[in-house]
Amino acid sequence: MIDLAPSILSANFSRLAEQVSQAVAGGATILHVDVMDGHFVPNITVGPPVVASLRKEVDVALDVHLMIENPDQYIAAFADAGANWISVHQEACVHLHRTLELIRLKGASPGVVLNPATPVETLGEVLDMVDFILVMSVNPGFGGQKFIPHSLDKIRRLATMRRAQGLQFRIEIDGGVAMDTVSDIVQAGAEILVAGNAVFGKGDIRDNTSRLLQAARAAELQRA
């Protein structure tokens, strides 16, 4: 089952409630919240109050992606604000096993994120702990970047590792997901698609969401 997760990073924050509601009306089942601290990535975005505000406006899952240093200090705050899923970067966690346990303890689904230069093999010891793995198909920090093609190989390797170990984690991708890339992404094995500009950039948000989701599900049928 393909899920589309519009990234609020590309939304108009003065109309955030309205725009995310339009995306949900178009078929989005998850909202992706990029949290950046200006240290781990060269940008600063939002904190728990925005998550709490979104939680009041929509019933879909809130997928909080922590692009921050020392994520353990903030996991409880985001979980309390209403985050359903919380993902942390492999590159930012000295004690990744402990961090994933903490996310689960706070009642959220744990996920791990891999930057473009990080091999999927670095997750071998925690694959059985996560509910999802997020593959960054751009370098994190800013929206609107070009898709990095070798990300498709990482998706395929993760799918192979999952089958070999009989695991159930889902594969998510973030960066450059658009009408011209979505078919290849889904056919490689991605199941959760984070899209920012393709949803919120131009045109009608509801229509953009619906068209991208339809294209993804058509590609899923080809994969089957």
Student: Working to the nearest 0.5 Å, report the span between CD1 of Ile8 and CG of Leu16.
Tutor: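 If we round to the nearest 0.5 Å, Ile8:CD1 and Leu16:CG are 5.0 Å apart.
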Student: Check whether any side-chain heavy atom of Met36 lies under 4.5 Å from a side-chain heavy atom of Ile68, and answer yes or no.
Tutor: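 No, their side chains stay 4.5 Å or more apart.
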Student: Rounded to the nearest 0.5 Å, how far does CG of Leu134 lie from CG of Leu114?
Tutor: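 Leu114 atom CG to Leu134 atom CG measures 8.0 Å (nearest 0.5 Å).
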Student: Verify the cluster assignment for Ile192 and Leu4: are they in a single hydrophobic cluster under the rule of side-chain heavy atoms below 4.5 Å apart?
Tutor: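 Unlinked, Ile192 and Leu4 end up in two clusters.
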Student: Drop me the distance from Glu220's CD to Met1's CE, to the nearest 0.5 angstrom.
Tutor: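 Interatomic distance, Glu220 CD to Met1 CE, rounded to 0.5 Å: 7.5 Å.
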Student: Within a strict 4.5 Å, meaning less than it, do heavy atoms of the Asp184 and Thr181 side chains meet?
Tutor: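 With C-beta onward as the side chain, the pair stays apart.
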Student: Please assess Phe147 against Ile185 for the test side chain to side chain contact (heavy atoms under 4.5 Å, CB included), listing each intermediate value before the final yes or no.
Tutor: CA-CA 10 Å; Phe147 180 80; Ile185 288 169; 3.7 Å; yes
Student: Taking the side chain as every heavy atom from C-beta outward, state whether Val194 and Ile173 have any pair of such atoms under 4.5 Å apart.
Tutor: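 They are not in side-chain contact.
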Student: Give me the atom names and distance for the closest heavy-atom approach of Thr209 to Ala28.
Tutor: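 Heavy atoms only, the tightest pair is CG2-N, 3.8 Å.
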Student: Is a side-chain N or O of Lys154 found less than 3.5 angstrom from the main chain of Met136, in a donor-acceptor match?
Tutor: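 No; zero donor-acceptor contacts below 3.5 Å.
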Student: Go through the structure and list residues passing side-chain contact (heavy atoms from CB on, under 4.5 Å) with Val130, not counting sequence neighbours.
Tutor: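 By the side-chain contact (heavy atoms from CB on, under 4.5 Å) rule, Val130 matches Leu100, Val112, Ile133, Phe169.
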Student: Please report the closest heavy-atom contact between Ala178 and Leu212, naming both atoms and the distance.
Tutor: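 Taking Ala178 first and Leu212 second, the nearest heavy atoms are C-CD1, 3.8 Å.
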Student: Between NE2 of His97 and NE2 of His95, what distance do you get to the nearest 0.5 Å?
Tutor: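 One finds 12.5 Å between NE2 of His97 and NE2 of His95.
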Student: Does a salt bridge link Arg15 with Glu18, judged by any charged N lying under 4.0 Å from a carboxylate O?
Tutor: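 Between Glu18 and Arg15 there is a salt bridge, with a charged N closer than 4.0 Å to a carboxylate O.
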Student: Is the closest side-chain donor-acceptor distance between Asp63 and His65 under 3.5 Å?
Tutor: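 Their side chains do not contain a donor-acceptor pair, so the 3.5 Å distance test is not met.
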Student: Say whether Glu91 and Thr118, considering side chains only, have a donor N or O and an acceptor N or O under 3.5 Å apart.
Tutor: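 Short answer, yes.
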Student: Less than 4.5 Å apart, side chain to side chain, heavy atoms only: is that true for Ile148 and Asn139?
Tutor: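 They are in side-chain contact.
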Student: Please test Val46 against Leu9 for side chain to side chain contact (heavy atoms under 4.5 Å, CB included), starting from the C-alpha separation and ending with a verdict.
Tutor: CA-CA 9 Å; Val46 302; Leu9 184 64; over 6 Å; no
Student: If we ignore angles and hydrogens, is there a donor and acceptor under 3.5 Å between the side chains of Thr29 and Asp3?
Tutor: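 Yes - a donor-acceptor pair under 3.5 Å links their side chains.
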Student: Provide the closest heavy-atom pair for Asp153 versus Arg156 in the form atom of the first, atom of the second, distance.
Tutor: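 Looks like OD1-NH1, 2.8 Å.
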Student: Is it true that a side-chain atom of Asp37 and a backbone atom of Glu69 form a donor plus acceptor pair closer than 3.5 Å?
Tutor: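 Yes, because the side chain of Asp37 sits within donor-acceptor range (under 3.5 Å) of the backbone of Glu69.
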Student: Report the C-alpha distance between Gln214 and Ser210 in whole Å, list the side-chain angles of each, state the deciding distance to 0.1 Å, and finish with yes or no for side chain to side chain donor-acceptor pair (under 3.5 Å).
Tutor: CA-CA 6 Å; Gln214 288 176 15; Ser210 178; 3.2 Å; yes
Student: Under a 3.5 Å distance rule, please check whether Asn84 uses its side chain to pair with a backbone N or O of Leu62 as donor and acceptor.
Tutor: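 Checking the backbone N and O of Leu62 against the side chain of Asn84, a donor-acceptor pair under 3.5 Å is found.
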Student: Do you know which two heavy atoms are closest between Ala216 and Val186, and how far apart they sit?
Tutor: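 That closest heavy-atom pairing would be O-CG1, 3.6 Å.
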Student: For Glu101, is there any backbone N or O sitting under 3.5 Å from a side-chain donor or acceptor partner on Arg98?
Tutor: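 Here the side-chain-to-backbone pair does not exist.
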Student: Does a donor on one side chain and an acceptor on the other come within less than 3.5 Å for Asp34 and Ser7?
Tutor: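 Short answer, yes.
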Student: Quick check on Glu121: does its CD atom have over 12 non-hydrogen neighbours (other residues, nucleotides or ligands) under 6.0 Å away?
Tutor: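 Counting other residues, nucleotides and ligands, CD of Glu121 exceeds 12 neighbours.
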Student: Could you walk me through whether Val60 and Val20 satisfy the side chain to side chain contact (heavy atoms under 4.5 Å, CB included) test, starting with their C-alpha distance in whole Å, then the side-chain angles of each, then the deciding distance to 0.1 Å, before giving a yes or no?
Tutor: CA-CA 10 Å; Val60 299; Val20 297; over 6 Å; no
Student: Can you get from Ile103 to Val35 by hopping between Ile, Leu, Val, Met, Phe, Trp and Tyr side chains that sit under 4.5 Å apart?
Tutor: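 Cluster IDs for Ile103 and Val35 match.
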Student: Is the shortest side-chain heavy-atom distance between Asp131 and Pro110 below 4.5 Å?
Tutor: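 The answer is yes, as the side chains (C-beta and beyond) meet within the 4.5 Å cut-off.
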Student: Hey, could you give me the OG1/CZ distance between Thr99 and Arg104, rounded to the nearest 0.5 Å?
Tutor: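 Answer rounded to 0.5 Å: 14.0 Å.
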Student: Is there a path from Val51 to Phe13 through hydrophobic residues (I, L, V, M, F, W, Y) whose side chains come within less than 4.5 Å of each other?
Tutor: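 Looking at the clustering, Phe13 is in the same group as Val51.
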Student: Any carboxylate oxygen within less than 4.0 angstrom of a Lys/Arg side-chain nitrogen, looking at Glu191 and Arg162?
Tutor: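 Here Glu191 pairs with Arg162 in a salt bridge, since their nearest N and O are under 4.0 Å apart.
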Student: Would you call the rings of Phe132 and Trp85 parallel, tilted or perpendicular if under 30° counts as parallel and over 60° as perpendicular?
Tutor: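 Phe132 vs Trp85 ring planes: tilted.
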Student: Considering residues, nucleotides and ligands other than Arg55, do more than 12 of their heavy atoms fall under 6.0 Å from its CZ?
Tutor: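 Counting other residues, nucleotides and ligands, CZ of Arg55 exceeds 12 neighbours.
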Student: Taking a hydrophobic cluster as the set of Ile, Leu, Val, Met, Phe, Trp and Tyr residues connected by side-chain heavy atoms closer than 4.5 Å, whether directly or through intermediates, do Met129 and Val135 fall within one such cluster?
Tutor: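 Yes, because Met129 and Val135 connect within a single hydrophobic cluster, where side-chain heavy atoms sit under 4.5 Å apart.
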Student: Would the distance check show the side chain of Asn208 and the main-chain N or O of Lys202 forming a donor-acceptor pair, the cut-off being under 3.5 Å?
Tutor: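 Yes.
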Student: Test side chain to side chain donor-acceptor pair (under 3.5 Å) on Asp174 and Ser137; report intermediate values, then the result.
Tutor: CA-CA 6 Å; Asp174 183 1; Ser137 44; over 6 Å; no
Student: Should Leu123 and Val113 be regarded as members of a common hydrophobic cluster, given that ILVMFWY residues are connected when their side-chain heavy atoms come within less than 4.5 Å of each other, either directly or indirectly?
Tutor: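 No: no chain of side-chain contacts under 4.5 Å links Leu123 to Val113.
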Student: Let me confirm one number: the CE-CG distance from Met67 to Asn115, rounded to the nearest 0.5 Å.
Tutor: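 So the gap between those two atoms works out to 9.5 Å.
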Student: Check the side chains of Gln187 and Ser183 for a donor-acceptor pair under 3.5 angstrom, ignoring hydrogens and angles.
Tutor: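 On atom types as modelled, these side chains qualify, holding a pair under 3.5 Å.
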Student: Any idea which heavy atoms bring Leu127 and Met161 closest together, and the distance?
Tutor: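 The answer is CD1-CE, 3.6 Å.
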Student: Can you find a heavy atom in the side chain of Met179 that is under 4.5 Å from one in the side chain of Arg211?
Tutor: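 In short, these two side chains touch, coming nearer than 4.5 Å.
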Student: Considering only NZ, NE, NH1 and NH2 on the basic side and carboxylate oxygens on the acidic side, decide whether Lys106 and Asp80 come within less than 4.0 Å.
Tutor: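 Salt bridge: no.
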Student: Is it true that a side-chain atom of Asp204 and a backbone atom of Asp207 form a donor plus acceptor pair closer than 3.5 Å?
Tutor: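 Between the backbone of Asp207 and the side chain of Asp204 there is a qualifying donor-acceptor contact (under 3.5 Å).
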Student: Tell me, do Ile86 and Ile75 make a side-chain contact under 4.5 Å, heavy atoms counted?
Tutor: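 Yes, their side chains come closer than 4.5 Å.
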Student: How close do Ala190 and Leu193 get, heavy atom to heavy atom, and via which atoms?
Tutor: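 That would be CB-CD2, 4.0 Å.
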Student: Report the C-alpha separation of Ile155 and Leu158 in whole Å, then their side-chain angles, then the decisive distance to 0.1 Å, and conclude whether the side chain to side chain contact (heavy atoms under 4.5 Å, CB included) test is met.
Tutor: CA-CA 5 Å; Ile155 295 170; Leu158 281 169; 5.8 Å; no
